[in-house]
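This report refers to the structure that appears directly beneath it.
When reading the values below, keep in mind they use all heavy atoms of this one structure, side chains included, and skip hydrogens, waters and symmetry mates.
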Amino acid sequence: MSFKTLLAYQKGFDLAMEIFHLAKSFPKIEMFGLTSQIIRSSRSVCSNISEGYRKRQYEKHFKSKMSDADSENSETQLWLEFALACAYIEKNKYNELMNKSQEVGKLINYMMNNPSKFGL
């Protein structure tokens with residue numbers, strides 16, 4: 001089984017791509033600030049899930065990587081908050097992306113709390 005079959009990965013990847021396309025509309029002044037940070041943190045969610053899944057035979061490593069993915073997901077939420085406060089996104093888009101991020105977080109936490117269901 002591949003990490004690509006994991007629902008947390010799939011939803012995280014879709015969210016990261018949606019954020020990437022949205023962030024392209026942010027002002028140029030944000031290129032090395034908010035834009036790069038929100039893209040990096042959203043992509044890192046998937047990166048940590050894939051790394052953790054590959055080392056899932058080591059429960060502590062798996063949980064650590066899922067914790068890292070969860071932290072990156074929380075960071076993405078912070079950057080979404082800044083994007084809203086700076087008026088780079090509308091409130092309805094913010095709510096939509098936050099709901100998707102919260103869903104990814106729930107899936108990651110399920111994986112972290114139930115490692116035996118993922119081949120450990």
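For S101, the side chain to side chain donor-acceptor pair (under 3.5 Å) test picks out N73, Q77, with sequence neighbours left out. Every residue meeting the salt bridge (charged side-chain N to carboxylate O under 4.0 Å, His left out) condition with R40, not counting sequence neighbours, appears here in chain and number order: E72, E75. Under the side chain to side chain donor-acceptor pair (under 3.5 Å) criterion, K24 pairs with H21, not counting sequence neighbours. Taking D68 as the reference, nothing meets the side chain to side chain donor-acceptor pair (under 3.5 Å) condition, with sequence neighbours excluded. Residues passing the side chain to side chain donor-acceptor pair (under 3.5 Å) test with N95: none are found, sequence neighbours excluded.
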How far apart are the C-alpha atoms of N99 and Q102, what are their side-chain angles, what is the distance that settles it, and do they pass the side chain to side chain contact (heavy atoms under 4.5 Å, CB included) test?
CA-CA 5 Å; N99 287 337; Q102 289 167 354; 3.7 Å; yes
Should L97 and L22 be marked as a side chain to side chain contact (heavy atoms under 4.5 Å, CB included) after you check the CA-CA gap, both sets of side-chain angles, and the distance that decides it?
CA-CA 11 Å; L97 294 172; L22 178 68; 3.6 Å; yes
Given the rule in the side chain to side chain contact (heavy atoms under 4.5 Å, CB included) test, do S36 and M31 qualify, once you have shown the distances and angles that lead to the verdict?
CA-CA 6 Å; S36 64; M31 184 169 24; over 6 Å; no
Checking M98 against L80 for the side chain to side chain contact (heavy atoms under 4.5 Å, CB included) test, could you report, in this order, the C-alpha distance in whole Å, the side-chain angles of both residues, the deciding distance, and whether it holds?
CA-CA 8 Å; M98 284 296 285; L80 288 170; 3.9 Å; yes
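The hydrophobic cluster containing V45 also contains L15, counting ILVMFWY residues as joined when their side-chain heavy atoms lie under 4.5 angstrom apart, directly or transitively.
A donor-acceptor pair under 3.5 Å links the side-chain atoms of N109 to the main chain of G105, judged by distance alone.
Sequence neighbours left out, the pairs with a member in residues 65-110 that pass ring pair (Phe, Tyr, Trp, His ring centres under 6.0 Å) are F26-Y88, W79-F82. Residues in residues 3-18 take part in these side-chain hydrogen bond (donor to acceptor under 3.5 Å, both in side chains) pairs, two or more places apart or across chains: K11-E103, E18-K93, E18-K100. Listed by first then second residue, pairs satisfying salt bridge (Lys or Arg N to Asp or Glu O under 4.0 Å) with a partner in residues 27-37 number zero, not counting sequence neighbours. Annotation: salt bridge (Lys or Arg N to Asp or Glu O under 4.0 Å) contacts involving residues 81-92, sequence neighbours excluded, are absent.
For the pair G12 and V104, the tightest heavy-atom approach, listed with the atom from each and the gap, is N-CG2, 3.7 Å. The minimum heavy-atom distance linking S41 with T76 is given by the pair OG-OG1, 2.8 Å. Shown here for T35 and A23, the closest heavy-atom pair between the two residues is CG2-O, 3.8 Å. Scanning both residues, F62 and F118, for their nearest heavy atoms gives CZ-CB, 4.0 Å.
A donor-acceptor pair shorter than 3.5 Å can be found between the side chains of N48 and S44.
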